[in-house]
Number of protein chains: 2
Amino acid sequence: MAVLLVEDEAGIVSFVQRGLESAGHQVLTASDGVDGLMLAQSSDVDLVILDLGLPGLPGEEVLRRLRRRRPSVPVIVLTAKDAVSDRVANLDAGADDYAVKPFSLNELLARVRARLRTSGQERGDALAAGGVTLDFGGHVAHVDGTAVTLSAREFALLAVFIRHPGQVFSRPQLLDLVWGYDFEGASNVVEVYVSQLRRKLGADRIQTVRGVGYRLNGGQG
Amino acid sequence: MAVLLVEDEAGIVSFVQRGLESAGHQVLTASDGVDGLMLAQSSDVDLVILDLGLPGLPGEEVLRRLRRRRPSVPVIVLTAKDAVSDRVANLDAGADDYAVKPFSLNELLARVRARLRTSGQERGDALAAGGVTLDFGGHVAHVDGTAVTLSAREFALLAVFIRHPGQVFSRPQLLDLVWGYDFEGASNVVEVYVSQLRRKLGADRIQTVRGVGYRLNGGQG
DNA sequence: GGGCGCCTGAAAACATCCTGAAGATCGAAT
DNA sequence: ATTCGATCTTCAGGATGTTTTCAGGCGCCC
């Protein structure tokens with residue numbers, strides 16, 4: 001399994017690289033975002049570890065572009081000590097996992113293992129959970145084999161769910177993650193879109209947890 | 001591991017911060033409750049140390065809100081010397097541990113270690129006790145392997161118990177922790193919900209301590 | 001046996017969620 | 001510029017599930 005490490009501090013690079021290699025992974029490294037994005041294109045990168053405190057391109061931008069090209073590659077984000085704000089909660093959406101510096105090697109390796117385990121199979125920029133497959137290339141979903149076209153919002157919403165199957169997301173969380181800002185006061189957009197998704201995907205794929213939020217059914221699909 | 005310290009006295013802040021950092025923790029600080037709550041939202045805070053004598057929001061309120069958002073994060077409460085009354089009993093409920101001022105650094109660090117050890121492992125925010133597992137991410141409980149769906153209130157109540165297995169909670173305490181205010185006069189909501197939980201989890205998981213309150217069976221699950 | 005606390009089924013009160021449809025917005029093509 | 005179509009958001013009524021209250025019965029402890 002090949003891991004791409006995008007990190008500018010030499011100390012951390014060698015620290016992490018050694019750990020990854022002794023765990024049997026092949027390691028590519030890049031010291032800035034542009035470089036990292038280039039390397040990430042090559043489709044034999046199975047996982048990306050991305051420092052958010054990079055010089056040049058801001059980490060969020062790197063993450064966004066990476067997602068555009070390789071939507072399903074797992075990304076573990078490293079956040080610097082002072083960059084910790086509530087943004088991290090947001091990033092969590094685009095990223096699959098994160099580690100806060102200083103982190104232990106064990107901790108990081110555990111996360112790498114966990115991520116490689118779940119992605120593993122699915123090459124080809126698609127994610128699947130609970131019988132639903134999301135094809136990021138074509139903005140298309142497949143439900144039990146048959147194709148379903150989704151609008152941009154529908155797709156974004158489903159993407160959040162499918163990246164964290166089984167996890168419950170509250171309405172404010174989803175507004176934050178999919179719509180990007182707080183809506184004035186009360187809005188029921190989320191409900192409406194969940195309703196639409198249900199019509200397209202089948203009623204029981206997305207469960208509502210009353211008083212809490214919504215959740216995508218099933219873990220393996 | 002990242003620790004959030006919510007404390008207004010500058011002296012204590014620097015004292016504690018230094019200790020935590022030299023123990024290898026990342027430290028975030030906030031000088032009032034509102035600020036603290038904001039920082040605590042970010043999901044990379046692994047433990048919260050909370051002074052109860054804060055200006056602005058009363059400490060109990062901070063604790064309650066924190067619990068609503070991050071139900072499984074361990075909280076260590078600091079109480080002023082003269083505030084030690086039977087309040088501590090209440091606090092002890094929502095908090096996982098407490099230290100009374102003046103406290104020694106060693107004492108506090110020991111408690112931090114103890115708390116991080118028990119939570120630490122389980123990312124994915126899940127706690128277990130007495131054969132019952134509470135998955136905070138998925139809002140599901142598992143009893144001896146089989147999944148059990150809980151309503152919001154049921155979940156909140158069980159969360160209190162599972163965070164302090166073996167500890168007895170009185171009815172007023174539970175009303176405070178789960179419902180948030182004193183109910184006018186007498187209400188038996190707690191009894192009703194305990195009854196419902198028993199039906200779902202099995203009758204002997206929650207024991208009645210006559211004249212005192214309720215307690216969750218077992219320590220390790 | 002009497003008093004008190006506890007349990008639990010069911011109804012009432014309440015909150016949340018669903019969904020069809022209308023209005024608003026955006027983008028592309030003419 | 002204007003028109004058209006698609007998508008996005010708001011609105012409102014009805015459907016569904018949850019929370020609370022109530023009341024009768026059970027069992028413990030003195």
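So you know, we letter chains A, B, ... as the sequences are listed, proteins then strands, and number each from 1. What you see is a predicted model, and the numbers here were worked out from it, not measured in a lab.
- Checking D/dT19, D/dA23, D/dA12 against the side-chain heavy atoms of A/Asn188 singles out D/dA12 as nearest.
- Listed in residue order, the members of residues 190-202 of chain A having a heavy atom less than 4.0 Å from DNA chain D are A/Val192, A/Tyr193.
- Between B/Val178 and B/Val190, the closest side-chain pair of non-hydrogen atoms is not below 4.5 Å.
- Applying the side chain to side chain contact (heavy atoms under 4.5 Å, CB included) test to A/Asp32 and every residue at least two apart in sequence or in another chain returns A/Val34, A/Asp35.
- Judged as a salt bridge (Lys or Arg N to Asp or Glu O under 4.0 Å), and not counting sequence neighbours, the contacts of A/Asp144 are A/Arg205.
- At the phosphate of D/dT20, OP1 or OP2 sits under 4.0 Å from a side-chain N or O atom of B/Trp179.
- A distance-only check finds no donor-acceptor pair linking the side chain of B/Asn188 to the backbone of B/Glu191 [under 3.5 Å].
- For the helix from C/dG1-D/dC30 to C/dT30-D/dA1, the axis fitted to the five pairs at one end and the axis fitted to the five pairs at the other end meet at an angle of 30° (nearest 10 degrees).
- Taking B/Tyr214 as the reference, nothing meets the ring pair (Phe, Tyr, Trp, His ring centres under 6.0 Å) condition, with sequence neighbours excluded.
- Partners of A/Ala147 by side chain to side chain contact (heavy atoms under 4.5 Å, CB included), not counting sequence neighbours, listed by chain and number: A/Val140, A/His142.
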Query raised in the report: Just by protein heavy atoms under 4.0 Å, how would nucleotides 25-30 of chain D read 5' to 3' in B, S and -?
Result: --BB--

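- The phosphate of D/dT18 (OP1 or OP2) has no side-chain N or O of B/Ser151 nearer than 4.0 angstrom.
- Note: CD (A/Glu154) to C1' (D/dA6) measures 11 Å, nearest angstrom.
- Side-chain contact between A/Leu150 and A/Leu134 is present, with heavy atoms from C-beta onward closer than 4.5 Å.
- Heavy-atom contacts of chain A under 4.0 Å fall on DNA chain C between two terminal nucleotides, which in 5' to 3' order are C/dA15 to C/dG20.
- Scanning for salt bridge (Lys or Arg N to Asp or Glu O under 4.0 Å) contacts around B/Arg198 gives an empty result, with sequence neighbours left out.
- Atom pair A/Leu157:CG and D/dT9:P shows a separation of 11 Å (rounding to whole Å applied).
- Here the side chain of A/Asp46 pairs a donor or acceptor atom with the backbone of A/Ala2 at under 3.5 angstrom.
- Of the listed nucleotides (D/dC8, D/dT10, D/dT19), D/dT10 has the atom at the smallest distance from the side chain of A/Ser187.
- Under the salt bridge (Lys or Arg N to Asp or Glu O under 4.0 Å) criterion, B/Arg215 pairs with no residue at all, not counting sequence neighbours.
- Under the side chain to side chain contact (heavy atoms under 4.5 Å, CB included) criterion, B/Ser151 pairs with B/Arg153, B/Glu154, B/Tyr193, not counting sequence neighbours.
- For A/Ser195, the side chain to side chain contact (heavy atoms under 4.5 Å, CB included) criterion is met by no residue, not counting sequence neighbours.
- Using a 4.5 Å heavy-atom cutoff, the side chains of A/Leu174 and A/Val194 are not in contact.
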